Amino acid sequence: DVPVGEQRELIATVTNTGNAPLTVTRVAIDGGLGEHTLTNWSGGRLLPGASQAVRVRFQPLAPGSYHGVITLHGDFTAGVNTVHVSGIGSAPAVLD
């Protein structure tokens, strides 16, 4: 639950658990959450066993409940490359 005009950031970790280099070509945020969410990593190459921390920032532009999917596109042969995400944009606090 994030007030409009503010932001919250979480760290997600992408790990190559395989035995060959992994190339992530794009990070996509689909669904209603897309226009309210940014990441600081758009892709790259991960050697076997390597990890990449990815900051995911939710910054709602209007009040509402938002849902979407973050998808990593690349040369995956197995494993999970999507995560479902959601966030709530609340009305900003009014000070008297």
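Nothing here was measured: the structure is a model prediction, and the numbers come from that model.
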### Message
If you count heavy atoms of other groups shown closer than 6.0 angstrom to CG of Asn19, is the number above 12?
### Response
no
### Query
Okay, side chain of His73, backbone of Thr25: is any donor-acceptor separation there less than 3.5 Å?
no
### Query
So which heavy atom on Pro48 is nearest to which on Gly18, and how close?
CB-O, 3.4 Å
### Query
Can you tell me how far the CZ atom of Arg57 sits from the CG atom of Leu10, to the nearest 0.5 Å?
11.5 Å
### Message
Grouping I, L, V, M, F, W and Y whenever their side-chain heavy atoms are under 4.5 Å apart, do Ile88 and Val2 come out in a common cluster?
### Response
no
### Query
What are the two closest non-hydrogen atoms of Gly87 and Leu33, and how far apart are they?
N-CD1, 4.1 Å
### Task
Could you give me the CA-CA distance, side-chain angles and deciding distance for Leu22 and Asp75, then say whether side-chain contact (heavy atoms from CB on, under 4.5 Å) is met?
CA-CA 6 Å; Leu22 168 67; Asp75 59 359; 3.3 Å; yes
### Message
When you group the ILVMFWY residues by side-chain heavy-atom contacts below 4.5 Å and let the links chain together, are Val24 and Leu38 in the same group?
### Response
no
### Task
Walk me through it: do Val14 and Leu46 pass the test side-chain contact (heavy atoms from CB on, under 4.5 Å)?
CA-CA 9 Å; Val14 178; Leu46 293 175; 3.8 Å; yes
### Message
Would you say that Val56 contacts Val85 through its side chain, given a criterion of any heavy-atom pair below 4.5 Å between the two side chains?
### Response
no
### Greater than 12 external heavy atoms within 6.0 Å of Arg8's CZ
yes
### Query
What distance do Gln52 atom CD and Thr15 atom OG1 have between them, rounded to the nearest 0.5 Å?
10.0 Å
### Query
Do His67 and Ser65 meet the criterion of a side-chain donor-acceptor pair at a distance under 3.5 Å?
yes
#### Entry: Nearest-0.5 Å distance that lies between atom CD in Glu9 and atom CD in Gln59
10.5 Å
### Query
Is there a path from Phe58 to Val69 through hydrophobic residues (I, L, V, M, F, W, Y) whose side chains come within less than 4.5 Å of each other?
no
### Query
Taking the side chain as C-beta and beyond, is there a heavy-atom pair between Tyr66 and Thr37 under 4.5 Å?
no
### Query
Which heavy-atom pair separates His36 from Gly32 by the least distance, and what is that distance?
CD2-O, 3.3 Å
### Task
Evaluate the side-chain proximity of Leu61 to Val4: yes if any heavy-atom separation is below 4.5 Å, no if none is.
no
### Query
Pro60 and Pro3: which non-hydrogen atoms are nearest, and at how many Å?
CG-O, 4.0 Å
### Query
Where is the tightest heavy-atom contact between Ile11 and Ala53, given as atom of each residue plus distance?
CG2-CB, 4.0 Å
### Message
Donor-acceptor pair, distance only, cut-off 3.5 Å: does the side chain of Asn16 make one with the backbone of Ala20?
### Response
yes
